[in-house]
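Have a look at the structure below, then the notes.
Below, read A as the first sequence line, B as the second, and so on, with proteins coming before strands; counting in each chain starts at 1.
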Amino acid sequence: MRFFKSLLSATLLIAGALAAKKSPTERFSEYHTKALSSSPLKLSETSYKSLTSTPRDYSVVVLLTALENRFGCQLCRDFQPEYDLLGKGWVKGDKKAESRLLFGTLDFVDGRDVFVSLGLQTAPVLLLFQPTEGPHAVASKDPIRYDFTTGPPTAEQVHGWLSRHLTDRPHPPVKRPINWQRWASAITIILGGITLVATASPYILPVIQNRALWATGSMFFVLLFTSGYMFCQIRNVPYVTGNGKGGVSYFAGSFQNQHGLETQVVGGLYGILAITFTVLVTKVPTISNPRYQQVAAVACGGTIFLLQSALLSIFRIKNGGYPFSLPPFM
Amino acid sequence: MAVAQQNALLGPPSQSSRTLLRVVILLFIAGAAIASRLFSVIRFESIIHEFDPWFNFRATKYLVANGFYKFWDWFDDRTWHPLGRVTGGTLYPGLMVTSGVIYHILQALTIPIDIRNICVLLAPAFSGLTAFAAYLLTNEMTTSPSAGLLAAAFMGIAPGYISRSVAGSYDNEAIAIFLLVFTFYLWIKALKLGSMLWGALCALFYGYMVASWGGYAFITCILPLHAFVLICMGRYSRRLYVSYTTWYALGTLASMQIPFVGFLPVKTSEHMPALGIFGFLQLVGFIDYVRSAISGRQFQAFLITVLVATFGIGLAGLVALTSLGYIAPWGGRFYSLWDTGYAKVHIPIIASVSEHQPTAWPAFFFDLNILVWLLPAGIWLLYKELRDEHVFVITYALCGSYFAGVMVRLMLTLTPIVCVAAAIAASKLLDTYLVKSPSQTSTSEAGEKKAPKSADKTASPLGVSSMVSKLTIVGAMIVYLLMFVSHCTWVTSNAYSSPSVVLASRMPDGSQHIIDDYREAYQWLRQNTKEDAKIMSWWDYGYQIGGMADRPTLVDNNTWNNTHIATVGKAMSSREEVSYPIMRQHEVDYVLIVFGGLLGYSGDDINKFLWMVRIAEGIWPEEVKERDFFTARGEYRVDDGATDTMKNSLMYKMSYHNYQSMFPPGKAADRVRGVQLPSEGPVLNTIEEAYTTENWIIRIYKVKDLDNVGRDHFSAAAFDRGQKKKATKKRGPRVLRVD
Amino acid sequence: MKPLSIATALFGIVSTVLAAEPRQSKDILPKDFKPPQVFKNANLVHIISLEKNYAKEQINAVIENVSPELQDEYYVPFTADQLSRVGGFEVKDRKDAGAGRFVADVAEYDPLSDVQYYRIRLPTPLKAGGQQTLGISFYYLRAYKALPALIDQTDEQYLSYEFSIYAPSAYPTLKQKTEVKAGSAKIPDYTKLAGTGDVPEYPQKQGTKLTYGPFDEKPAGASSPATVRFEFTKPVIHISALERDIEVSHWGGNVAFEERYTIQHLGANLSTQFNRVKWAQSQFMNPNSHALKELRVPLQVGSDDAYFTDTIGNVSTSHFRSNKREAVLELKPRYPIFGGWKYPFTIGWNSNAANYLRRTATGGFVFRTPFLEGPKQAEGVEYEHIDLRVLLPEGAQNVKLLADIPESSIIEHTVGLHKTYLDTIGRTAVHIKARNLVDEFRDRELIITYDVSSSITLRKPFIVFASMLAVFTLAWAVGKIDVGFSKTKQA
């Protein structure tokens with residue numbers, strides 16, 4: 001693979017050198033034949049120059065990227081497979097090159113000067129060179145730039161962008177290959193799971209049928225969601241934030257907002273309250289010794305009262321105008 | 001209170017007096033439920049609230065005026081101009097029909113109550129019924145005499161429910177919640193008795209629910225889930241079979257009668273679980289039959305394999321059909337419940353609605369107060385004796401809490417079950433700590449159906465002996481309950497009782513001052529523009545314009561056509577040169593915007609502007625770019641530092657046009673954004689200010705007609721402004737010759 | 001007792017005019033009708049006052065019977081267009097006020113003819129050569145044209161009025177004079193005439209008043225068109241329709257009023273769109289503008305819980321002051337009403353029945369209320385159509401009514417039934433339609449007498465009670481039915 005790539009680039013180099021003095025049509029056909037074997041083309045500086053040199057009666061899409069790790073361009077790496085997919089799909093889509101469109105990739109290491117000449121600080125950059133002659137010629141010969149505003153775009157998005165610009169030309173659709181590996185693994189896992197259950201059922205069953213376990217589980221579940229867990233997930237809010245003065249603020253000031261920590265605090269409070277309550281209802285009456293029973297009852301009652309008061313005071317942090325409170329946390 | 005004393009006087013009351021007390025107490029609860037929802041009527045007036053209710057109100061008036069069949073195939077050409085809307089086929093008629101029927105009954109009794117008051121007071125009236133339904137539902141769950149009443153009380157005043165059912169919020173939820181709870185009650189009843197009659201009733205009310213609210217899908221998913229869980233727990237029974245099949249068969253037929261639903265029950269994923277479980281139940285029923293034939297060891301294997309196989313096959317088939325497109329995948333709104341990021345990326349309209357945001361914990365505490373932590377306690381207690389109906393409560397509670405966590409508005413569906421569970425817990429406590437000895441518990445149950453058995457089971461073996469603990473615990477509980485009541489009152493009066501059409505502010509002397517700009521503007525439009533003048537505004541105000549100004553609108557709150565909304569968004573967020581042709585093409589006569597700058601009213605269009613931009617960008621990514629509205633440092637500004645795209649956007653120009661002249665030069669300030677505005681304001685060429693309300697909240701602009709001497713509006717306007725240098729040199733003479 | 005006496009007194013005068021059954025149509029005159037030349041106006045003074053936003057015209061004429069025999073029919077001519085706009089036509093004898101108001105009505109004949117007549121019936125026929133002094137007064141609605149028709153919202157508004165310098169008369173006039181009182185002293189242009197005798201030219205102008213004449217003898221139907229254009233910086237309020245409902249309740253001891261106005265500004269329209277900034281500033285500098293900002297409605301003392309709403313609900317910008325001396329309802333429309341703008345609205349209030357209702361000695365009832373209680377504005381208010389409906393208690397019989405307004409302005413009146421609030425036989429509804437009235441008739445009264453038997457009064461509570469009972473028994477019976485299929489399971 002590696003070898004092939006290098007070889008390809010070498011050939012391209014030569015080709016580029018020759019290409020300079022070729023007519024656009026020849027240039028296109030030549031590059032297109034290459035593209036048929038591997039698209040998008042892995043460009044070098046020279047091939048880039050020849051490919052994008054005017055006059056041209058075809059259009060070129062070039063992705064200027066920096067894949068190597070040392071550049072630490074996550075976006076480049078995320079987008080690369082999508083781009084390859086697009087390029088392959090397109091060329092496969094019209095073998096006879098009716099759309100007269102070529103895909104190329106120029107890595108920073110291969111074409112530093114190009115980056116410099118274009119004055120690019122960032123990567124990746126996706127350029128579309130419209131034809132300067134022929135039926136679809138456009139006035140300006142400098143390329144159109146695709147802006148990567150929202151994360152790595154999918155092949156379909158870029159495809160749409162191209163289709164908008166290359167009007168009344170065939171737009172071969174993007175075909176995603178079926179991910180056999182994923183399917184296979186999924187199936188195996190499922191089957192494995194089934195067999196596992198089948199075999200281990202004698203041991204698992206009692207656990208599954210354990211009522212207390214389920215009870216605890218569902219209690220936990222409810223507590224989780226009623227204390228704003230999903231909010232934290234969706235808004236991925238910080239766990240805590242600093243208040244301007246170097247300290248840490250555990251509670252977000254506003255009513256519509258909250259921190260990760262709050263979920264735990266509030267959820268905990270709810271949980272303890274609920275448990276104490278249940279104890280009060282179920283366990284306490286069964287205590288035979290009156291004195292112990294009384295002590296237990298009062299203790300539970302006190303706990304609930306305390307926690308409720310704490311809860312109210314926390315709520316008053318979130319909602320300033322809230323009038324109600326209980327001692328001791330007034 | 002009076003009731004309590006009466007109770008004390010009677011001593012151990014007899015069966016009949018018990019029933020009487022129940023009735024009286026329930027009446028009191030219903031009264032409280034209704035009364036607590038009347039804040040807005042007393043503070044302001046009997047008026048329809050907010051946005052959607054205005055459409056429901058308009059539709060109801062149409063129904064009352066033109067009769068049911070006209071309503072059924074009502075094509076409304078005064079919305080979504082120029083498309084129009086097949087209203088009759090795209091709404092849930094339950095609400096309108098309900099109030100229409102009530103209206104006609106009253107008319108028959110020659111009681112002249114106008115339709116508006118019926119619509120305003122419908123929600124409170126139904127909240128009384130909801131409390132009653134909660135009472136019935138809870139009584140099915142437990143044998144405690146007080147649980148039902150507590151549940152009713154909670155249901156009556158829980159803010160989570162009040163938020164959508166105050167007087168004037170004439171929305172589908174107004175009746176839907178009652179139907180929801182009552183349907184569940186009937187379901188439990190049917191399940192317990194295995195009775196076809198109750199199953200059919202359940203189906204009937206399910207049909208009513210489908211006719212009333214899109215949220216019916218919640219029932220459609222919860223009931224099968226309940227059935228499925230029961231089966232998994234090995235609790236399959238003839239009762240389950242009878243009740244479920246009855247409900248599903250009849251209910252589905254009933255639901256298909258609604259044009260808006262039509263064949264969805266067999267075509268969309270939301271409804272598939274119900275169908276699947278239906279089939280599954282047949283299978284289980286069959287196996288149940290087979291069990292009697294085959295016996296013992298190999299039956300187990302047979303059972304397991306068949307079940308698993310069919311279930312797998314069913315699931316696979318579902319997936320296959322979905323992927324092949326025979327079954328529609330989950331609708332956007334539903335899907336955004338699972339993949340919570342989905343809406344923000346793909347359906348900005350849904351994401352833009354505030355009530356589709358996730359819920360932070362304060363909202364829960366705000367809407368449920370102590371019930372929040374009584375819920376888990378209740379669940380735990382239900383696990384003690386896990387009857388079929390208890391399974392239902394638990395399932396419902398789990399799903400409900402998840403949904404409520406994902407979407408604020410679904411707090412509504414959680415509230416009923418929270419009330420039930422909390423009531424069960426609270427009543428358990430009170431029973432344990434009020435009743436002297438267990439024996440009396442059972443006697444007090446004499447009235448309840450098949451009480452003694454379960455009563456003995458629930459009652460504690462020993463009971464609480466010491467007076468001190470009884471007093472402390474009960475006292476504390478009473479304190480919490482009282483605080484709950486005052487909390488609900490406070491929340492209702494402060495948070496949920498303002499009809500957003502009318503704003504109230506306090507005068508220096510503390511008296512209430514009404515800010516009525518919305519209706520000022522709507523009334524002006526209604527009286528002083530021609531009958532079919534098309535109004536362009538952001539979709540939030542579509543229903544209100546339709547209802548109050550009675551003028552055709554381009555887009556409204558029924559956001560069924562994203563492109564059309566995006567068109568309006570584009571017109572608002574583009575330069576005049578771009579917007580004017582769009583407005584001409586859509587025959588727009590007036591543009592209406594909301595501007596809070598003068599009053600400090602934060603819910604105005606400049607603050608909503610980014611959504612218009614995003615939605616427009618979704619359709620025209622080349623022409624509208626959100627990024628251009630942010631400064632280089634990524635701020636959203638309206639002052640000097642605002643980007644040119646912002647300053648040239650129609651919305652910005654309309655908002656601040658002529659605004660500077662209200663202030664001494666250079667002093668113009670926006671009180672919402674709290675910034676100084678550029679010293680000279682934007683210049684409008686293609687539209688002109690037609691009306692601005694007293695506090696500038698609503699500004700209406702007239703779209704200029706084509707210039708009668710064929711100039712483009714920019715030179716024409718320049719000429720009118722008398723800019724001799726530019727205008728007269730180039731344009732002036734030619735224009736004169738044209739004349 | 002006082003109202004009753006008034007009532008009887010008034011009945012004495014014109015109760016023949018309004019009986020409970022609809023009026024019989026007048027005798028139709030021949031097509032080629034010309035008023036017989038039996039009178040001449042010995043002296044005539046024509047006063048046109050344009051101070052309000054309707055035109056009030058008064059013709060004081062000394063008429064003389066020139067025919068040998070007795071005469072009792074005097075005709076006043078109008079053009080067809082005027083006839084549609086004229087209203088409140090009243091005639092008195094200037095010499096003795098005791099004679100009351102003369103009967104006057106529209107003389108019906110060829111509806112296509114351009115000249116139409118009002119016919120005045122003298123109470124006592126005038127003998128040959130006899131003289132009588134008539135005071136004829138009437139009003140024109142929609143009287144003015146704004147000139148210029150389009151003005152800016154801060155400009156002042158000018159109205160122009162067209163009239164004839166010679167008073168319209170069907171008879172020769174020996175000596176006459178016409179006075180025009182304009183709305184303000186600013187009168188930029190008006191028709192001028194060559195003077196006679198010592199006067200250089202007509203009219204003589206002092207202050208707001210223009211005086212044409214005196215002129216010498218003019219033949220019957222002489223006219224000379226003239227216009228006057230004057231400043232009028234007040235709104236030109238025109239109420240195209242007023243529906244006034246009055247509901248009398250014996251049980252509640254309450255009288256409920258509700259009035260629905262369709263108000264319109266007939267003045268100069270805006271030349272440009274409305275500008276809020278200018279408006280706000282002009283409010284500080286000079287508050288008086290040609291836009292209608294506020295209406296004051298003085299109600300009867302003792303009226304309470306008044307409301308002011310329009311099609312989309314309560315209008316919060318209204319004040320109601322009620323005390324011992326007065327009850328005033330101050331209405332601010334949602335927006336200032338400029339020329340050509342409309343604003344329909346509804347006001348209503350309650351009052352204790354004792355203020356309006358009296359029992360007569362014979363056991364009947366007398367209900368007495370102002371015929372009109374509209375807004376009271378400095379610039380005056382004109383009503384084109386008035387639709388008055390009085391709901392009397394259920395089962396009210398032998399209804400007699402008397403409206404103390406010129407009978408020529410009453411189009412029709414009927415007594416019917418109206419069902420509401422659990423009525424079974426329905427309430428007696430008196431319905432009066434009138435046209436072309438102005439707010440100078442505010443103090444005129446409507447008096448209705450009727451009888452109600454107490455058995456009918458008790459009828460409703462009984463029926464309600466009975467029906468409730470029926471419902472409960474039915475419910476009980478239904479509750480008894482067992483819907484269960486078998487005894488084993490309860491349903």
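- Contact of Ile473(B) with chain A is made through the side chain alone, with heavy-atom distances under 4.5 Å.
- Of the residues considered (Arg235(A), Gln209(A), Gln256(A)), Arg235(A) shows the highest number of contacts with chain B, using heavy-atom pairs under 4.5 Å.
- Within the 3.5 Å criterion, the main-chain N or O of Phe366(B) finds a donor-acceptor partner in the side chain of His487(B).
- Neither the backbone nor the side chain of Val491(B) comes within less than 4.5 Å of any heavy atom in chain A.
- For Met411(B), no part sits under 4.5 Å from any heavy atom of chain A, backbone or side chain.
- Neither the backbone nor the side chain of Ser309(A) has a heavy atom closer than 4.5 Å to any heavy atom of chain B.
- Remark: the backbone N or O of Thr216(A) is not paired with any side-chain donor or acceptor of Trp380(B) at under 3.5 angstrom.
- Between the CG atom of Leu225(B) and the CG atom of Leu398(B) there is a distance of 9.0 Å, given to the nearest 0.5 Å.
- Of the two parts of Thr276(A), neither the backbone nor the side chain holds a non-hydrogen atom closer than 4.5 Å to a non-hydrogen atom of chain B.
- Interface remark: of the candidates Phe221(A), Tyr229(A), Phe305(A), Phe225(A), Phe225(A) forms the most heavy-atom pairs closer than 4.5 Å to chain B.
- Of the residues considered (Leu273(A), Thr278(A), Ile275(A), Val284(A)), Leu273(A) shows the highest number of contacts with chain B, using heavy-atom pairs under 4.5 Å.
- Interface summary for chain B: among Tyr322(A), Trp161(A), Phe220(A), the most heavy-atom pairs under 4.5 angstrom belong to Tyr322(A).
- The contact between Glu622(B) and chain A is made entirely by side chain atoms (from C-beta outward), counting heavy-atom distances below 4.5 Å.
- A donor-acceptor pair under 3.5 Å is absent between the side-chain atoms of Ser227(A) and the main chain of Val266(A), judged by distance alone.
- Phe364(B) touches chain A through its side chain: at least one heavy atom from C-beta onward sits under 4.5 Å away, while N, CA, C and O do not.
- At a 4.5 Å heavy-atom cutoff, the contact between Val222(A) and chain B is made by backbone and side-chain atoms alike.
- Of the two parts of Leu223(A), only the side chain, counted from C-beta on, holds a non-hydrogen atom closer than 4.5 Å to a non-hydrogen atom of chain B.
- Of the listed residues (Glu262(A), Gln258(A), Arg211(A), Arg291(A)), the greatest number of heavy-atom pairs within a distance under 4.5 Å of chain B belongs to Arg211(A).
- Neither the backbone nor the side chain of Ile190(A) has a heavy atom closer than 4.5 Å to any heavy atom of chain B.
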